[in-house]
Every structure is written in structure tokens, then in C-alpha cells.
Amino acid sequence: MTLELKSAGVSFGGTLFAGPRKRALAPLDLSIGATPHILAVVGESGSGKTTLTRLLLGLLRPTSGAVMWNGRDVWRLPKPEFQEYRRAVQAVFQDPFGAYNPVYRVDRMLTLPALRFGLAASEETARPLAEAALAAVGLRPAETLGRFPHQLSGGQRQRLMVARAMMLKPSVLIADEPVSMVDASLRATILETLYRLRHEERMSLLYVTHDLATAYQIADSIIVMRDGEVVEQGETVSVIRTPAQSYTRDLVAALPPPDPTIDWGLESSS
Amino acid sequence: MSALAVRGLCVEFASARGIVRAVQNVSFDLAPGERLGLVGESGSGKTTTALSLLSLIRPPGRIASGEILLDGVDIARATPSALRRMRAARIALVPQGAMNALNPVLTCGAQFADLFAAHGAPGGTARIAKLLASVGLGVEVATLYPHQLSGGMKQRVCIALAIALRPAVIVADEPTSALDVIVQKQILKTLLAVQRDIGAAVVLVGHDMGLMAQFAHRIGVMYAGRLVELAFVRDIFATPRHPYTRMLIDSLPGFGARGVFKGIPGLPPSLLTALPGCSFAPRCPRAGPRCTVEMPQTRILEGGGEVRCHDA
């Protein structure tokens, strides 16, 4: 199960009324899913991180190059294979508040995909699957199922999104800033859930973040993006301990040391 | 002489299921020029406490009891006209969502002019240019509309507005939570520089203990509406006395061991029903029999800190 980008890039505009041509993502090669792996994609706002995830999820068509699933172009897959790709590549998004339809109970978030992807024949048979997925992310089904989204905390909602993705047994999970809107106290719990998916469920993850500290905790390798281009990539510890690019050093330096005796340089003028 | 004194602050929200006690008996003093960090998870009452300082709690919420003393005036009981005179001039807010805190149909310059007019303060383009320069923005920003600015620039404009009348206290409610890490550091540098310049005290609300370690002189930790620990930043990191404070510090990711996670299991209690004992007891690794039956009172520690815990 391999998800690849082959010189895939995205540009916008350049036609008569669409304004000047603007490159969102420079042509990029990337492969994930062949072996369990966590790849962190880091960079500031506007660096192309989200465009990259939208390509991999088949939500955005590359304007050059191709997105390949097991060696075949995602945008040319016949329907049954496309359906299989849709199941095997799952997403967890940044905002656990906007991801839910507020008028439905959260159960629907779990039973609907189970039915649509043929994992269960009825809502009754979907329920054990939903309960198992909830347990795997540390949620108690009795305290979660039957509730409406507003009755759950942000951390619970985000773990429910992870549970929904896991239930479909994907090969690749694309997590776009999954902890940036969650409290610091819950961040560690959600990261641990993601980490265990790779180490225990043999899933691959693309973890998008602007926080190098969390990338350091869970990722096997890192790519650093800026202005739509990959500026640095490599094994996690070496990228963070010995960054080759000044931009990567800036990202590392932007993290506040959680120790008041270490000077972060807030008082310097630069 | 403190810049601001909070005494026994209680804030309640009326809901269909009963009274939600969002802030319970919070007291602290803020020295002139001091930077106080208020940390806690969602629903801990940190933002409610911060907004109370400007009497910005709207129905169904209300300040049920307590005093907030600034210049000898109790903000909690002040008349609307007195509040209008004090806000921005004596105590100013840097809001959480800089994205939508500015008026979208006015240029940034017009928002400064509004503020000066409302307080009868001398304004003018030169004054606005100077304020914008103090937060690292060019004079041309005065002619731009908020949608023409990036998130970081909007937050800088909000800081410039907050310091425009040289208040004694600045309340900053998670001013960087919507920004990415590089911009976050620049904004904090700006806030620190202007705070020093005008000598204002700052209450910084957030959930990132790492940021607080770098920014605050003292840190107040809130849990379920109560201030459970308040101490100088070095003391709180060196010897956290409340188990919750320790767990918050331990949960911070660092560049040490990888794949080690120290989340805080469990959930905070409902604020609808008062537990007889300590509200952290259900999640506390050190909870004893006394903790579930008797509410710990605030104790003053050697070195000036204070803690609400039987075991600390």
C-alpha cells in the first residue's frame, strides 16, 4: 500500500480572469505507506502544508505531475479501486469543532462510514466496530455514543475523529495539525494515540504541524516546507539537532523552552 | 501598592441545567509592571477571570461576588460610564481572536481615531504612526483595512490599540493561539517591549506552560474555576507544589526522550455540581481519603507562593 507524489505540484491562476499565476506547491516527490512510518511536515502558514495534504487525500488535482496509489494515478482509478483508496487513506483535520455536523449525534460519524465502506451491514453490526475504535483511542463508549458534538470536549472530539479514521483500518492517515487546537494537557494523549497507530497497528502517518517539538516526539522523518518548497528533509533527530537550513533553525528557536532558567531571547531586539 | 487587586472573585453563568460556577473565590494582586500568567485547560475559568477584570462578562454570566480594585474603584460594581472611562485608558484588552477583533469596515487608523475620540485624548496621525512603529508596523498600516493584514499584523494592531492610552494593566487573552510559532515569538517580543515601555502590568492567559515559563514573572494555575497554585515562575517550575501543576509541566513536549507521553488522564469535573472535596481529586495521583471529602483551602507558602492542596 503506497501513496506517492510524482513531481506533483499545484499552481493557481494564470488564466484570463484568475490573476497572475501563483505557485502553491513546487513539484514534489514523496512516498508513504510502504512500511509503517511517521512523516512530519513542518512549516509556517502559507508554506504549502495543507495543499500537500489535499493532494494526498485526492481533494485537489495536481496541476503538474501525479498522485499515485499503488502505482496508479488516483485521478484515473476505476470506481471500485477509487473507493478502496478512499478507505485506505484517511484524514484527521485541525479543527475538532468544525468537523462535526452539530445536529447529528456523534454515533453517525462512526456508523455512516462503516456502512458506506461495507464494514458493517447495518447500524447494529456497526456498533461493535465503533465501540472498539473508541476504546482504542481511550474513550469510553458509554460516555461518548449517543451524545451530540457540543456535549464533548475538544480533546474528546479530536480523539473521536482519530477513532473514526482508525475504524476504517487505513494504510495511511493524514493528520493536518491535529493537536494545534487542543489543550496542552490533552495534546500528549492524542499524540500518544497517533504514535501507537504506527507502532502497534502498523499504520503510516503524515503528521502536519508547525510545532517541531511534537514532530520530534512522534516522527521518524521530517520535511520542512517554506513558500511551497521543501527546504530540508531527513531523519527526525538529525534535522532537529543539526538543521542544515537557517529556516529550520528559526523553527526550532521559535519553541519556548519550558524552563524559565533558559533564555529564549524574548528580550533581545532582533 | 498593587496595580490591581482581585478579592474573592466569583463568576456564575445561568444555564438551563443550573448555575455554572465558572470562577470561584479567586484572589490575587498584580504589582505595577508585573507579568502574571494564568494557565489552565479549556473551561478552567482563566479567560472568564481575565474578562472579569474589565467587567466584560455578559449575561447569562455575571460577577456574583468579589472585588476588582483598580485606582481605588471596584470594577465589579462600577457604573457603565465609569467602566467606559476606565477601559482602554486604565485597563486594556488584547483579545484572543485578533482575526475578528477589529472592525472590518474601518481602516486601522480610524479605529485609533475612534479610541482617542471616545476618551477625549489627543490623537492625530503622528501619534498613530508612533504607536504603529512601537509594535513594528509601518505608518501605511493606518490606511489599510483589517482584511489587508496578516494574522500577525492584526494582532500587532490590537496590541497598539491596547497601549494607545498607556493603561496600567493589559489583559492579553491567548494573544498568539491562532498564530504559527515564528509569528508567536515575534508577537510576544512586541508585547514584552511595549509593556516595559509604558510600565504596565500584564495578565497573560494561555494554556502553554512553555510560553509562560518565558514570559511571566508569576504563574497562576487554574483548575475547575479555582486558582490552585500561584507562585514565581522559577519556583513553580523548580518545585511545583500542586500535583496538577506538576502534571502540566511534565506533559510539555521537549527535545529529550522521544515517544514518551505524559498526558493528564481523565476530564475536569462539571462546574454545575460542587464536589465536596478537591475538584482535582478524581484525576490526582496523590489523592487521599481527605481529598474527596474536604475542600483544600489556600495556604501561603514560604517564598510567597500559594497552593490549594492538602498534600502540597
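The basis for the numbers below is simple: all heavy atoms, side chains too, and nothing from hydrogens, waters or symmetry mates.
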Which atoms of [X] come close to chain B, meaning under 4.5 Å heavy atom to heavy atom: side chain ones, backbone ones, both, or neither?
| X | result |
| --- | --- |
| A/Ile190 | neither |
| A/Gln156 | side chain |
| A/Arg241 | side chain |

For the residue pair [X] and [Y], what are the closest heavy atoms and their distance?
| X | Y | answer |
| --- | --- | --- |
| A/Ala253 | B/Lys185 | O-NZ, 3.4 Å |
| B/Leu192 | A/Leu266 | CD2-O, 3.7 Å |
| A/Pro257 | B/Ala213 | O-CB, 4.1 Å |
| B/Gly210 | A/Pro256 | O-CB, 3.5 Å |
| A/His210 | B/Asp180 | ND1-CB, 3.5 Å |

[X] side chain vs [Y] backbone, donor-acceptor pair below 3.5 Å:
| X | Y | answer |
| --- | --- | --- |
| A/Tyr216 | B/Gly256 | yes |
| A/Glu44 | B/Val183 | no |
| A/Gln217 | B/Val260 | yes |

Quick one: are [X] and [Y] in side-chain contact, heavy atoms under 4.5 Å?
| X | Y | answer |
| --- | --- | --- |
| A/Leu194 | B/Phe261 | no |
| A/Ile240 | B/Phe255 | yes |
| B/Arg258 | A/Val237 | yes |
| A/Pro260 | B/Gln214 | no |
| B/Met209 | A/Pro258 | no |
| A/Thr261 | B/Arg234 | yes |

Go through the atoms of [X] and report whether side chain, backbone, both or neither lie under 4.5 Å from a heavy atom of chain A.
| X | result |
| --- | --- |
| B/Val39 | neither |
| B/Leu248 | side chain |
| B/Leu252 | side chain |

field: Salt bridge flag under 4.0 Å for residues A/Glu267 and B/Lys189
entry: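 Salt bridge between A/Glu267 and B/Lys189, a charged N being under 4.0 Å from a carboxylate O: no.
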Crowding at CZ, A/Arg202 (>12 non-hydrogen neighbours, <6.0 Å):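 Incorrect, the count does not exceed 12.
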Atom OH of A/Tyr104 with >12 non-hydrogen neighbours under 6.0 angstrom: no
query: How long is the span from the CD1 atom in B/Ile182 to the CG atom in A/Leu251, to the nearest 0.5 Å?
result: 4.0 Å
- prompt: In terms of heavy-atom pairs under 4.5 Å, which option from B/Arg196, B/Met212, B/Met247, B/Gln186 contacts chain A the most?
  reply: B/Arg196
